Amino acid sequence: QYKSRDRISTDIFSEKTVKLDEWLYGKEFMGMEKLSPMQYEAVRVGVCIYREKERELLGEQDVQRVDELVLQWGKGSGKDWISAIVMTTVAYRLLCLKSPQEYYRQSKVSHIDLLNMAYSGFQADQNFFAYFQRMIETNSWFLGKYRFLLSNAMVVFEKNIRAFSGNSYEESFEGKN
């Protein structure tokens with residue numbers, strides 16, 4: 001169980017960052033039902049974007065950072081759903097930083113791109129992106145604090161953060177960082 005006042009704030013954050021359980025299950029954030037242990041672990045690994053010091057503050061020091069997350073689960077296991085949760089949470093965590101680009105030692109004019117790759121264009125648009133869009137539109141944290149522009153399979157957030165949904169038949173996403 002999470003505590004609603006159990007939030008993290010250091011000099012690198014512009015927003016108080018809540019721990020993962022509060023973000024996922026708190027009514028003022030995602031307000032979800034409990035995930036299965038397998039789904040929860042995939043989310044924990046997928047949203048581990050901070051350095052060791054910040055992970056320790058969030059109680060996530062045991063989670064290994066990865067650059068790429070591949071879910072090889074069976075049909076109907078929730079891969080698109082979990083991918084949308086991961087991307088929504090990563091966007092939230094990036095937006096909590098004062099300067100995501102500075103944190104990752106990029107030029108302040110650089111974009112930070114989040115990319116979900118689906119098997120087909122239909123899956124990218126109708127499954128993953130539909131979940132992701134609804135998660136952003138119905139989350140009070142995003143609605144109350146950030147404007148975003150919605151276009152065909154792309155969300156543009158403040159702080160030069162963009163989220164894309166592509167498919168494995170396209171090569172146009174080559175070079176997204």
Side-chain angles (χ1 to χ4, degrees), residues 1-10 12-13 15-97 100 103-104 112-120 123-124 126-142 153 155 157 161-168 173 176-177:
Q1 186 68 14
Y2 65 87
K3 298 174 185 166
S4 63
R5 291 183 180 83
D6 202 7
R7 298 172 188 221
I8 306 305
S9 182
T10 67
I12 63 163
F13 293 103
E15 295 277 341
K16 289 185 178 184
T17 308
V18 298
K19 292 185 177 184
L20 184 59
D21 283 3
E22 184 173 357
W23 172 256
L24 292 174
Y25 306 127
K27 296 297 179 205
E28 67 273 25
F29 299 107
M30 299 285 278
M32 326 187 107
E33 298 296 320
K34 288 278 185 189
L35 299 173
S36 75
M38 178 177 72
Q39 291 171 328
Y40 183 78
E41 189 58 27
V43 171
R44 279 186 76 218
V45 171
V47 304
C48 183
I49 65 167
Y50 295 142
R51 293 189 193 108
E52 190 174 340
K53 177 183 172 188
E54 291 75 39
R55 288 198 319 265
E56 195 171 304
L57 291 170
L58 288 166
E60 297 175 359
Q61 62 272 15
D62 63 325
V63 182
Q64 181 67 38
R65 270 179 56 180
V66 297
D67 293 325
E68 185 175 297
L69 182 64
V70 177
L71 302 178
Q72 294 182 323
W73 299 341
K75 188 174 183 175
S77 59
K79 295 178 295 292
D80 289 310
W81 175 250
I82 294 302
S83 297
I85 293 169
V86 167
M87 190 175 285
T88 303
T89 307
V90 168
Y92 160 73
R93 288 184 168 192
L94 288 170
L95 290 166
C96 284
L97 293 167
Y103 184 78
Y104 291 107
I112 293 179
D113 294 328
L114 309 175
L115 176 62
N116 179 74
M117 290 301 288
Y119 178 73
S120 68
Q123 184 185 26
Q126 300 301 311
N127 294 348
F128 165 79
F129 200 74
Y131 287 142
F132 179 62
Q133 179 180 350
R134 282 193 302 272
M135 287 178 190
I136 296 296
E137 290 176 334
T138 61
N139 187 309
S140 63
W141 189 86
F142 287 105
V155 177
F157 297 96
I161 298 167
R162 304 182 299 188
F164 297 90
S165 181
N167 67 75
S168 59
F173 290 101
K176 299 289 182 212
N177 57 353

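All of these numbers come straight from a predicted model, not from anything done at the bench. By convention here, the first residue in the shown sequence is residue 1.
Nearest heavy atom pair, residue P100 against residue I112, reads CB-CD1, 3.5 Å. The two residues G78 and Q39 make their nearest non-hydrogen contact at CA-NE2, 4.4 Å. Residues G46 and V90 come closest through the heavy atom pair O-CG2, 3.6 Å.
The structure places CG of L24 at 14.0 Å from NZ of K19, a figure rounded to the nearest 0.5 Å. The structure places CG of L20 at 9.5 Å from CD1 of I85, a figure rounded to the nearest 0.5 Å. To the nearest 0.5 Å, atom CZ of residue R134 and atom CG of residue N139 are 14.0 Å apart. In this structure, CG in D62 is found 11.0 Å from CD in E56, a value given to the nearest 0.5 Å. The CH2 atom of W23 sits 13.0 Å away from atom CG of L58, with the distance rounded to the nearest 0.5 Å.
Inter-residue side-chain proximity for T88 and F29 is flagged as unmet; no heavy-atom pair is nearer than 4.5 Å. Residues Y50 and T17 have side chains in contact (heavy-atom distance under 4.5 Å, counting atoms from C-beta outward). Between W141 and V18, the closest side-chain pair of non-hydrogen atoms is not below 4.5 Å. Contact check for L35 versus I82: side-chain heavy atoms found under the 4.5 Å cut-off. Counting heavy atoms from C-beta outward, F164 and L114 have side chains that stay 4.5 Å or more apart. Under the 4.5 Å side-chain criterion, counting only non-hydrogen atoms from C-beta, F157 is not in contact with L94. No side-chain heavy atom of F142 sits less than 4.5 Å from a side-chain heavy atom of M135.
The side-chain hydrogen bond (donor to acceptor under 3.5 Å, both in side chains) search around S77 returns none, not counting sequence neighbours. For the side-chain hydrogen bond (donor to acceptor under 3.5 Å, both in side chains) test, residues two or more places apart in sequence or in another chain that qualify with Y40 are D21. Residues passing the side-chain contact (heavy atoms from CB on, under 4.5 Å) test with R65, sequence neighbours excluded: C48, R51, R55, Y104. Taking S83 as the reference, L71, N116, F128 meet the side-chain contact (heavy atoms from CB on, under 4.5 Å) condition, with sequence neighbours excluded. Evaluation of the side-chain hydrogen bond (donor to acceptor under 3.5 Å, both in side chains) rule for E41 yields R44 as partners, not counting sequence neighbours.
Within the structure, ring-ring contact (aromatic ring centres under 6.0 Å, His included) contacts touching residues 54-79 (residues at least two apart or in different chains) do not occur.
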Side chain to side chain contact (heavy atoms under 4.5 Å, CB included) evaluation trace for Y92 with E15: CA-CA 10 Å; Y92 160 73; E15 295 277 341; 6.0 Å; no
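One N or O on the side chain of K79 and one on the backbone of G74 form a donor-acceptor pair closer than 3.5 Å.
A perpendicular orientation is assigned to the rings of Y131 and W81, their planes being inclined by more than 60° (bins at 30° and 60°).
Under 4.0 Å is where a charged nitrogen must lie from a carboxylate oxygen, and between E60 and R93 at least one such pair does.
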